[in-house]
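Structure record follows, encoded as structure tokens.
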Amino acid sequence: MVERAWAELWQQHGFRFEGDWAAAGDACNAVKELRISYEAPVTAPGGYAVHLWLERLGTTGLTYGFRFCSADGAVTYAHGTRVLVRLDAGTLRPAPWSEAFRAVGRELLRPRS
């Protein structure tokens with residue numbers, strides 16, 4: 001559900017992967033790290049919520065946070081972080097995020113306390 005929520009959010013901002021890495025732009029990326037903590041079992045179908053934010057937005061990478069919870073937010077089922085690296089489609093080496101992507105990403109950054 002977390003991956004679907006992120007894909008939908010980025011698609012709403014015009015960033016999508018449609019099967020062509022060369023045309024994917026910022027959607028050409030790879031997972032470097034994934035950390036998940038499971039807090040409670042999901043025991044029934046129904047409505048759930050996913051909270052999403054960026055922890056860090058670097059030149060070629062980012063770290064996003066997520067929380068998968070009950071629709072009312074009262075129960076956390078899982079939470080974690082995922083590190084992505086933007087790749088050049090030709091070399092598969094790290095490449096900078098576009099300014100359009102960074103502008104959206106800045107809006108998603110969690111305020112530092």
Side-chain angles (χ1 to χ4, degrees):
M1 290 195 64
V2 172
E3 287 305 308
R4 288 180 185 170
W6 271 115
E8 183 177 325
L9 183 142
W10 288 118
Q11 286 177 12
Q12 290 171 2
H13 291 284
F15 303 100
R16 61 181 44 89
F17 176 70
E18 296 177 340
D20 180 0
W21 285 114
D26 294 299
C28 182
N29 56 65
V31 177
K32 181 177 180 181
E33 179 180 295
L34 176 63
R35 294 175 186 245
I36 304 173
S37 293
Y38 297 97
E39 303 296 328
V42 175
T43 59
Y48 296 93
V50 177
H51 298 222
L52 306 169
W53 61 89
L54 289 186
E55 294 280 344
R56 183 189 68 80
L57 177 60
T59 302
T60 62
L62 61 80
T63 303
Y64 72 67
F66 62 89
R67 178 175 172 249
F68 174 59
C69 59
S70 58
D72 65 2
V75 178
T76 297
Y77 297 103
H79 61 89
T81 59
R82 185 175 189 213
V83 178
L84 294 180
V85 177
R86 163 75 159 89
L87 300 176
D88 176 278
T91 65
L92 298 181
R93 301 292 305 154
W97 302 109
S98 69
E99 186 50 43
F101 184 91
R102 293 180 61 72
V104 174
R106 283 189 290 272
E107 295 174 17
L108 299 172
L109 281 169
R110 176 182 254 180
R112 301 212 179 240
S113 44

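We number each residue from 1, following the sequence as shown.
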Look at the rings of Tyr64 and Trp6 and say which category their plane angle falls in: under 30° parallel, 30 to 60° tilted, over 60° perpendicular.
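Because their plane-to-plane angle lies in the 30° to 60° range, the rings of Tyr64 and Trp6 count as tilted.
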Plane angle bin for Tyr48 and Phe68 - parallel if under 30°, tilted between 30 and 60°, otherwise perpendicular
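Tilted: the ring planes of Phe68 and Tyr48 meet at 30° to 60°.
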At what distance, to the nearest 0.5 angstrom, does [atom1] of [X] lie from [atom2] of [Y]?
X: Phe17; Y: Asp26; atom1: CZ; atom2: CG; value: 13.5 Å
X: Thr63; Y: Glu55; atom1: OG1; atom2: CD; value: 7.5 Å
X: Ile36; Y: His79; atom1: CD1; atom2: NE2; value: 10.5 Å
X: Leu57; Y: Trp97; atom1: CG; atom2: CH2; value: 8.0 Å
X: Thr81; Y: Trp53; atom1: OG1; atom2: CH2; value: 9.5 Å
X: His51; Y: Thr76; atom1: NE2; atom2: OG1; value: 8.0 Å

Does [X] [atom1] have over 12 foreign heavy atoms under 6.0 Å away?
X: Arg35; atom1: CZ; answer: no
X: Arg106; atom1: CZ; answer: yes
X: Tyr38; atom1: OH; answer: no

If you take all heavy atoms of [X] and [Y], which pair is closest and at what distance?
X: Asp88; Y: Cys28; result: C-SG, 4.5 Å
X: Ser37; Y: Glu39; result: CB-OE2, 3.6 Å
X: Val75; Y: Ala40; result: CG1-CB, 4.4 Å
X: Ala89; Y: Leu92; result: O-CD2, 4.0 Å
X: Phe15; Y: Ser98; result: CE2-OG, 4.3 Å
X: Asp72; Y: Ser70; result: OD1-OG, 2.6 Å

I'd like to check Leu84 versus Val31 (side-chain heavy atoms, cut-off strictly below 4.5 Å). Are they in contact?
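Counting from C-beta outward, Leu84 and Val31 do come under 4.5 Å.
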Using the rule that Ile, Leu, Val, Met, Phe, Trp and Tyr join whenever any side-chain heavy atoms are under 4.5 Å apart, tell me whether [X] and [Y] fall into a single cluster.
X: Met1; Y: Leu9; result: yes
X: Val2; Y: Trp10; result: yes
X: Val50; Y: Leu62; result: yes
X: Leu109; Y: Leu52; result: yes

Whether Arg67 side chain and Gly73 backbone form a donor-acceptor pair below 3.5 Å
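A pair under 3.5 Å: yes.
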